[in-house]
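Reading through the structure tokens given below for one structure.
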Amino acid sequence: MKFHILFYSLIYLFLLPQSVCPADDSELLYWNTKSPYPYLIGQKRSWPVVISKRSASDRINLVVKFGGKTVAEGNPCSYEGVEFRVTQDDKLVIETEKNSTPRLFFLDLVHLSKGAIKSKQTLRIQPAPPNRPISYMSDMIDDLLFIFYDSSARQFKPIIKEGLDHYVRRLQAQGVKRLIVWQSAFPFSAKPEDFEEPIRSDYVAVRQALMNNPEVIEAMAKEKSLPSWKWLNLIMKLVTTPEFGDRFSQSAIDHGISLTASFRPFESALQKYYTMPVFNEEGSFVRYSHFCSYAPFDNDKKKHGFAHYRMLLKEMGMEDEAKVSTIELQNVEERNQVLKKLKEGSLKINIKISQFPPLDPNSYVLIKLSNGKYDFIKYSHIQEKTLSEQITIPCTKFEPEKNNNIRLLNLDIPVEYRFIHIWVQSSIESPLVLSTDDPVRIAAKAGNSLGKFNNYWVIQNPAKDTAGTRVAPILQNGSFRSQFNTVRNSENHFIKHPETISLNENILVIDRGDAYTDEMINLQNTETRKIAIKQIQDILAYPAFDEILNSTRSHTSLAGSWGDRKLGVRPNLEYRRKKVKGYRQLGLDYGYGPASISRNHDLVQAIKNNPKTIRELTHHVSMDWESTCQAPTRPFHWRYMRNQAIAKGLKLFFEELRKEFPETRIRAILPPSAIVEKNVKKAISKMKKKTDKNTDQNYDPNYFRYLCSYLNYIQSIGEGMTMVDLNGLNIEPMILGYRGNPDKGPRQIYLKEFLEDLRSKHDYKGPYSFFYEAQETLRTPAKYNPQEKREAIIKELLANPDDIKEVILYEAADWIQYLPLQDKIHGQHGYLD
């Protein structure tokens, strides 16, 4: 997403306060023409239009145009009960009489210096629409990029209040009075001083290291697109600039916009994107972390994060059920010859364990220096040292297995280690050839299968299309290649290439996932809840924020090399080769749960009494995630116990949140319950729909996926939110609604069932808010009538105010940027008037 040293520094002075600008360097604001100015009938509104204070010789002249003709000129000037003026403090003021007629004007703003035109802009002046029952939900980083990134100059504009004014002015023009703000893993309205050392100093030191690397800065400046690390640098700077929160809050207040603090318990880290291996100067691994976020949960993932199943088993005293002891190589070509070479020693299999994956030598990694500072250096400079720190696992016992497989036995791989790297040494060309699709299986010392892992190939001598099989924390141009990318890139390569590969020069990587991940935070932990509430306290301290929303949004669908559905649990590559569509990708996130699960007596007893039940914990079970799991339908059910633990943690968090904010409005988005999903699928399967051939056929029950907003709700993580009991908490349930433009019949059934279920389960009986994930319809081709369908859905939702009082549209940057003007007067959402 996202030249000499002095010049680099000038680019990043974007956060200096406005007062540092020279007094004679005034100019019309860049953002003036980017959005309309919505005036109120019978009232006065004002907006800043000039940056820096004008000198005595500068003045502003106004030219008012209506219907293509000039109707007034001067400063001030007026027309038919509407007065226009720019004040001495450089604000455009529009004041109207009570009986003035709403009109669309265009206003020329002429900046004169010593009698000559210094600059000129044409502004759109329109009547403000009525307040509408529409709110926007913002992923604030996207909004900041929309406001401040100048793609033509390939750099950021100064992040000053006037730019934020442009953003909230656009909300005014759309009749939107509330913005729900999620600040991602970067709580940049939080107070930096609230974070204990060494979190804050580390954070500052890391950014300084990035800024002090001229190779990366220069390359990013030349990129036509916006490299990820360029905007991450912006966010890192923003986090340590306390003025931002005040500016944003004041801008919202000045424009009559209320702000909501959004908290996401299932997305605190964005780990699958922005991770960075940190080494010391000797090449020893320090940590593998997403340091660019400012989430203090990262400081102790064992305490605050979800635990991998292998760590849960260790806590239960069942380490043998989690420790890798056997690696089985699948479909080995000329297996008997390979076994012979292994036994005589002419062929050696190398197995190393590591906490970091194979890295691109041309990418940059982070070095923690002895003085506490950091440095970004090319990995090639330290690669040899880091590889020498990896642990070699002796591999001396082999045995044949059916289907031309070879088992490597008596391995001793500690449960804490994440990565297993396998390759061979031999003077013989292609001595060990495996299947690319399904090359390896692993099993525990106790004999049970350990199936929840990813495997991918690192091509040692990559052709152009395989360069992406090594992780690259930061490439020179400011982009990155994460573990998530390398797993997919490996698949993409072998879709086009033979189905076998030699281990002679290529590395087979087994990734079991972090021992603990703060991608999902463990709210059953008292200290975790305390940190989360402290972040919310910081944000609520800004006057514009007046409510809290707990969301289901998640990016925690981690990389996965296994799929499930029609073929059963099989490698993604097999699904892709056979062109089987609609399979479920089984990511590493399916193997994590709150640490309290290890203390669940029922779970421990179920495993001890019936060893076969451990498979559900350590291995993907086909179709296990296809239906809902909100009741203890089996004696041992990993997924249910996991959901139950999540729900308990959320309930504790909500109780403390209410205690901390007794008078604050608090809402929680709830996904559809099991009974809602069951009833809707049953009802729509009996409904007829028109096909492309204009014939009738029944809806597929899986049409449900078009009704529920799955972009903001990953079932494998967020289902526990459905199970939270909100009774007695004075917390409003909010409906997780549609994605896109579903058909009328199914969506009406979905809404009916959802409303009935909420009324029966929760003591809140007022009208609800409805979350509508419709931003993709803004880019749907016009031939599908997306606007007409979307507007019909919103009007339908608001038709009964006793049921639905507000529609929340995701996400704000899309609606602000892409929603076209509806008419000359009222602009966007005029269909509601």
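For reference, positions follow the sequence shown, starting with 1. Reckoned from all heavy atoms, side chains included, excluding hydrogens, waters and symmetry mates.
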Discussion item. If you define the side chain from C-beta out and look only at heavy atoms, does anything of Y39 sit under 4.5 Å from P127?
Written reply: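 Yes, side chains in contact.
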Worksheet item: Under 4.5 Å between any side-chain heavy atoms of Y136 and E811, yes or no?
Response: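 A side-chain contact under 4.5 Å is absent here.
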Worksheet item: Can you list every pair that meets salt bridge (Lys or Arg N to Asp or Glu O under 4.0 Å) and has a residue in residues 167-177, with sequence neighbours left out?
Response: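 Passing the test, one end in residues 167-177: no pairs.
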Any chance the rings of [X] and [Y] have centres within less than 6.0 Å?
| X | Y | value |
| --- | --- | --- |
| F148 | W31 | yes |
| F653 | F263 | yes |
| F770 | Y738 | yes |
| F704 | Y750 | yes |
| F480 | W229 | no |

Just by distance, do the side chain of [X] and the backbone of [Y] share a donor-acceptor pair under 3.5 Å?
| X | Y | answer |
| --- | --- | --- |
| R658 | L729 | yes |
| R553 | L711 | yes |
| H762 | L758 | no |
| R132 | L832 | no |
| N800 | D802 | yes |

Discussion item. Within this structure, what is the CZ-OG distance for the pair F484 and S482, rounded to the nearest 0.5 Å?
Written reply: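 Taking CZ in F484 and OG in S482, the distance rounds to 7.0 Å.
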Worksheet item: Got a second to check how far Q172's CD is from D254's CG, nearest 0.5 Å?
Response: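 With rounding to 0.5 Å, CD (Q172) is 9.5 Å from CG (D254).
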With sequence neighbours excluded, residues passing salt bridge (Lys or Arg N to Asp or Glu O under 4.0 Å) with [X]:
| X | value |
| --- | --- |
| E776 | R739 |
| D246 | none |
| D150 | K157 |
| K805 | E732 |

Worksheet item: What orientation do F771 and Y810 show, parallel under 30°, tilted 30 to 60°, or perpendicular over 60°?
Response: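 Tilted: the ring planes of F771 and Y810 meet at 30° to 60°.
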Worksheet item: Which is it for N730 and I666 under the side chain to side chain contact (heavy atoms under 4.5 Å, CB included) test, yes or no, and what are the steps along the way?
Response: CA-CA 8 Å; N730 190 25; I666 303 177; over 6 Å; no
Worksheet item: Does Y30 OH have over 12 foreign heavy atoms under 6.0 Å away?
Response: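 Yes, the 6.0 Å shell around OH holds more than 12 heavy atoms from other groups.
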Practice prompt. Quick one: list whatever passes side-chain hydrogen bond (donor to acceptor under 3.5 Å, both in side chains) with N741, sequence neighbours left out.
Written response: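 Applying side-chain hydrogen bond (donor to acceptor under 3.5 Å, both in side chains) to N741 gives Y772.
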Discussion item. Before you tell me yes or no, could you show the steps for T552 and N712 under side-chain hydrogen bond (donor to acceptor under 3.5 Å, both in side chains), namely the whole-Å CA-CA distance, both residues' side-chain angles and the distance that decides it to 0.1 Å?
Written reply: CA-CA 6 Å; T552 57; N712 275 272; 5.7 Å; no
Fill in: Worked check of side-chain hydrogen bond (donor to acceptor under 3.5 Å, both in side chains) between R264 and S554
CA-CA 8 Å; R264 295 180 181 176; S554 173; over 6 Å; no
